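The structure appears right after this line, and notes come after that.
Residue numbers begin at 1 in each chain, while the letters A, B, ... track the order of the sequences. Just so you know, these numbers come straight off a predicted model, no measurement behind them.
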Amino acid sequence: MQQKLNLYNTLTRKKEVFEPLHAPFVGMYLCGPTVYGEPHLGHARSAVTFDVLYRYLKYLKYKVRFVRNITDVGHLQNDADEGEDKIEKIAKAQKLEPMEVVQHYTNVYHRDLEKLNTLSPDIEPRASGHIIEQIEMIKEILENGFAYEVNGSVYFDVPAYNKDHNYGKLSGRIIEDLLSNTRDTEGQGEKRSPLDFALWKKASPSHIMRWPSPWSDGFPGWHLECSAMSRKYLGDNFDIHGGGLDLMFPHHECEIAQSQASHSHSDAAKYWVHNNMITVNGQKMGKSLGNFINLSELFSGNHQMLEQAYSPMTIRFFILQAHYRSTLDFSNEALQAARKGYTKLMNGLRVLDKIQYPEEGATPDEKLNEELLKLTEDCFRGLNDDMNTARTIASLFNLLKKINSLYLGQLQIGNLTRGTFDTMRETYRTLVLDILGLKEEPLGDQEEMLGLILDFYKEAKEAKAYDKVDVIRAELKKQGIVIKDLKTGTDWAYEE
RNA sequence: GGUAACGUGGCCGAGUGGCUAGGCUCAGCUCUGCAAAAGCUGCUACAGCGGUUCGAAUCCGCUCGUUACCUCCA
């Protein structure tokens with residue numbers, strides 16, 4: 001009855017039917033953030049995209065282990081020997097321990113993602129907690145002859161690796177092109193080839209984040225943590241590796257190289273999945289460009305580019321209304337439209353709760369049943385086609401039209417079979433709540449609403465309409481609220 | 001410079017050889033005490049120029065425009 005899930009695999013450049021290596025188990029690794037700043041809309045897209053994949057795989061009854069790392073080792077701004085450690089820079093400026101900076105932004109990341117209703121990963125490893133594993137992996141790569149040590153630092157030997165392997169297989173790069181187009185030939189310092197990348201860096205005397213190793217007191221290279229941690233928790237070969245498109249090269253390319261060059265001898269993941277970027281006026285939203293909007297700013301509306309605040313579910317819907325491999329352009333107009341679309345979907349949920357299948361007198365209409373069943377299938381068809389949530393949402397709106405018509409009596413529920421009715425209801429609910437991960441957001445200001453009720457209470461009292469007064473008191477009491485008639489006016493309190 | 005994408009109606013955004021995407025906006029109708037919600041109807045599309053084809057937004061070529069990666073970035 002269900003079609004199969006297809007995923008676009010960057011490694012093969014085509015959509016493939018998703019088949020786990022060891023069904024029913026699925027291992028999924030997602031590159032998490034480097035915790036040296038507040039998460040922005042781009043982080044949200046990645047998190048939400050893979051949250052939907054995680055949710056859908058679970059819905060399909062796979063036993064999923066979802067690993068998303070936290071990068072908390074200070075990486076340098078660039079690969080040259082000189083360069084500031086991003087975390088350390090903030091720590092020094094604010095007179096904090098680097099780990100305080102890391103903890104703070106990790107907390108913020110968790111807080112904001114929770115608002116977006118993303119599920120927590122099953123394992124959330126930190127790079128700093130896996131130094132030993134990373135050192136072990138470097139040893140393996142050295143043993144296999146794909147790395148060399150210089151002055152306490154260890155570098156991956158890309159040209160040596162490329163003799164028997166294909167460096168560039170993921171990002172479609174050719175090593176000769178890379179070499180001839182290297183921008184910066186200076187500052188390569190210890191590296192034999194400009195393409196080589198650090199596996200271990202010797203720390204300068206002033207560098208705070210440092211660990212002992214066979215080569216020097218230092219810190220691991222940027223790409224190594226993901227290789228070491230994915231291997232530790234998911235094995236040499238696992239199913240899905242996700243991340244932003246901007247991580248494809250060099251980060252993921254290097255991960256594959258490290259994995260192949262170590263004793264793993266694999267591409268690490270079978271399916272490499274990349275989400276596209278959020279753009280602002282057609283330009284990528286990114287840290288280095290400074291055109292990013294933090295999630296907390298979106299939620300509060302406190303940013304010069306924002307005309308108003310946008311709720312977490314508005315953001316989530318906004319992200320889901322586009323396909324994850326397309327760029328998505330930010331604008332106030334688009335977010336306001338997303339808000340309305342999201343609300344519409346939520347209202348559908350409420351309508352569904354209200355309609356019921358009649359106990360008797362049903363006269364099923366074959367054509368209508370077929371039509372509705374097709375609409376429910378369409379919802380999943382979009383999802384199965386490379387997680388096209390945009391199509392899923394479009395199909396849900398089509399289904400919603402029917403649901404609303406049934407609610408208003410423009411279509412007769414009795415013209416459906418019980419099975420069709422249940423399928424329609426379950427499809428809508430499951431997709432909206434469990435798979436797309438949308439949820440109702442609390443109504444506006446509750447105290448303001450309570451104030452409104454108190455006004456009616458006062459009016460009723462002045463009119464000596466004591467039956468109404470009693471009803472209001474009783475209803476509020478059910479909610480745990482008592483009304484207090486004071487000489488100075490009317491107030492409320494929590495019932496003790 | 002190398003590589004890879006993209007260009008869809010007022011806005012956002014799917015589709016990728018013939019069959020209404022969808023949401024938002026706008027106009028009209030039904031419903032309504034007035035509204036709102038909801039339903040129905042309508043309005044502007046596939047960057048340009050060639051080619052392949054019975055038929056192309058969809059395939060091919062060229063032109064123009066935009067972007068991404070090649071440095072940390074989700």
Any side-chain N or O of A/Ser326 less than 4.0 Å from the OP1 or OP2 oxygen of B/rA14?
-> yes
Report the base-pairing partner of B/rG9 (Watson-Crick or G-U wobble, both distances below 3.5 angstrom), or none.
-> none
So which of A/Arg325, A/Lys14, A/Lys15 actually passes salt bridge (Lys or Arg N to Asp or Glu O under 4.0 Å) with A/Asp386?
-> A/Arg325
Within residues 43-55 of chain A, residues whose heavy atoms come under 4.0 Å of RNA chain B = A/His43, A/Ser46
Will you find, in the side chains of A/Tyr56 and A/Asn384, an N or O donor that is under 3.5 Å from an N or O acceptor?
-> yes
For B/rC31, what is the paired nucleotide under Watson-Crick or G-U wobble rules, both distances under 3.5 Å?
-> none
B/rG15 OP1/OP2 closer than 4.0 Å to side-chain N/O of A/Asn388 | yes
Under 4.0 Å between any heavy atoms, over every strand shown, what does A/Asn275 touch: base, sugar-phosphate, or nothing? Just pick one.
-> base
Has A/Lys402 got a side-chain N or O lying under 4.0 Å from the OP1 or OP2 atom of B/rG39?
-> no
A/His251 near the nucleic acid: base, sugar-phosphate alone, or nothing, with a heavy-atom cut-off under 4.0 Å?
-> nothing
Base-pairing mate for B/rG61 - Watson-Crick or G-U, with both contacts under 3.5 Å | B/rC49
Using a cut-off of less than 4.0 Å, is there contact between a side-chain N or O of A/Lys284 and OP1 or OP2 of B/rC69?
-> yes
Can you tell me the pairing partner of B/rA68 across any strand shown, Watson-Crick or G-U wobble, with both distances under 3.5 angstrom?
-> B/rU3
In terms of side-chain geometry, is the basic nitrogen of A/Arg429 or A/Asp353 positioned less than 4.0 Å from the acidic oxygen of its partner?
-> yes
Are a donor atom and an acceptor atom from the side chains of A/Glu190 and A/Tyr155 found within less than 3.5 Å of each other?
-> yes
Quote, to the nearest angstrom, the P distance that separates B/rU16 from B/rC40.
-> 26 Å
For A/Arg45 and A/Asn276, indicate whether the former's side chain and the latter's backbone hold a donor-acceptor pair under 3.5 Å.
-> yes
Going by atom types only, do A/Ser311 and A/Thr314 share a side-chain donor-acceptor pair under 3.5 Å?
-> yes
When we call it a touch if two heavy atoms are under 4.0 Å apart, what does A/Ile278 touch: a base, just sugar-phosphate, or nothing?
-> base
Hey, which of these two, A/Ile174 or A/Gly341, hits RNA chain B nearer its 5' end, going by closest nucleotide?
-> A/Ile174
Can you see which heavy atom on A/Pro39 is nearest to which on A/Val108, and at what distance?
-> CD-CG1, 3.6 Å
